[in-house]
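Please read the structure below before turning to the comments.
These figures come from a predicted structure and were not determined experimentally. As the structure lists them, so they are numbered: ligands from 1, and atoms in each ligand from 1.
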Amino acid sequence: MSAFDPVLSADTVDQILHLYATRGDDHYGEDVSQREHAEQCAYHARIDGADDALIIAALLHDIGHLLHKFGEDAADRGIDTRHERIGSGWLARCLPPSVSEPIALHVAAKRYLATINPSYLKGLSAASLQSFLLQGGLMDAEEMTAFLAHPAHQAALDLRRYDELGKIVGADMPAFDSYAPMIRALIMKDAR
Ligand SMILES: [Fe+2]
């Protein structure tokens, strides 16, 4: 990435750890916290054999919820925070597109899956259904074509699977901070 800045990048890893240390207990919208959801999604990516970029995308896909200023109850107040754009844009400063793009597309992936598969839509949790409606609901044909044309769409669909699995109350998972070396390695790889 041409805009790579080692100071910004080192800061970013620290900022990510700090964000989840200080705001990771925020309510995710199910009965798990943001930190628990992140850890579980990354775990499911790992056991699925995903590459490091997709594991970190799974870990950080909802970081936008920790960065926006709308409050934890934004969805209850009818606000779509566009958290996927906030998060992916913030991370794209120093992580590769293989991390940021599936994150940018993970809401579109939910809308796509709900459009092509009514049972997926029925299976959405209450919080996920609430945000789905705020995020635009079912896709039209043009939106589906645009989604499928994106090179990261398959990674976003995989991420979505991990997302749905990461909502188990009380699951014992590797700690969030244990992923710090993997995040750093992705940043350094990007710098070469
Ligand atoms: Fe999620």
Side-chain angles (χ1 to χ4, degrees), residues 16-17 19-21 23-48 50-68 70-76 79-92 95 98-115 117 120-137 139 147 150 152-176 179 182-183:
I16 290 169
L17 298 181
L19 261 178
Y20 278 85
R23 290 201 55 194
D25 290 330
D26 282 10
H27 189 221
Y28 164 69
E30 319 290 336
D31 286 327
V32 295
S33 69
Q34 288 286 351
R35 186 187 309 103
E36 290 171 316
H37 180 57
E39 290 168 351
Q40 290 183 33
C41 293
Y43 170 79
H44 285 291
R46 275 176 47 196
I47 63 171
D48 191 46
D51 63 19
D52 288 2
L54 192 50
I55 292 169
I56 296 305
L59 183 78
L60 301 179
H61 74 279
D62 276 337
I63 195 170
H65 283 305
L66 305 188
L67 291 165
H68 71 66
F70 296 98
E72 289 178 67
D73 62 344
D76 291 336
I79 299 169
D80 174 17
T81 61
R82 313 298 295 259
H83 77 283
E84 73 281 14
R85 295 202 180 188
I86 295 171
S88 62
W90 194 80
L91 292 168
L95 279 158
S98 52
V99 176
S100 61
E101 291 188 349
I103 293 176
L105 287 180
H106 82 275
V107 168
K110 174 167 75 171
R111 295 182 59 214
Y112 173 79
L113 288 169
T115 304
N117 185 355
Y120 178 84
L121 179 58
K122 276 194 205 135
L124 289 178
S125 63
S128 221
L129 182 62
Q130 181 189 45
S131 57
F132 166 75
L133 296 172
L134 291 173
Q135 289 156 346
M139 281 184 162
F147 174 71
H150 198 291
H153 81 273
Q154 186 55 55
L157 292 171
D158 290 339
L159 172 50
R160 199 71 233 173
R161 260 187 307 119
Y162 312 142
D163 196 353
E164 309 302 344
L165 293 167
K167 304 175 183 183
I168 305 297
V169 177
D172 189 21
M173 291 284 137
F176 186 94
Y179 292 94
M182 196 181 281
I183 301 172

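- When the Fe ion (ligand 1) is compared with the N/O/S atoms of Asp62, atom OD2 turns out nearest.
- Under a 4.0 Å N-O distance rule, the pair Arg161/Asp48 qualifies as a salt bridge.
- Atom OD1 is the N/O/S atom of Asp163 found closest to the Fe ion (ligand 1).
- The environment of Tyr43 atom OH is sparse: at most 12 non-hydrogen atoms of other residues, nucleotides or ligands sit within 6.0 angstrom.
- Under the 30°/60° scheme for interplanar angles, the aromatic rings of His83 and His106 are found to stand perpendicular.
- Take the Fe ion (ligand 1) as the corner point: the lines to NE2 of His61 and to NE2 of His37 open at 100°, to the nearest 10 degrees.
- Side-chain contact annotation: His61 with His37, donor-acceptor N/O pair under 3.5 Å present.
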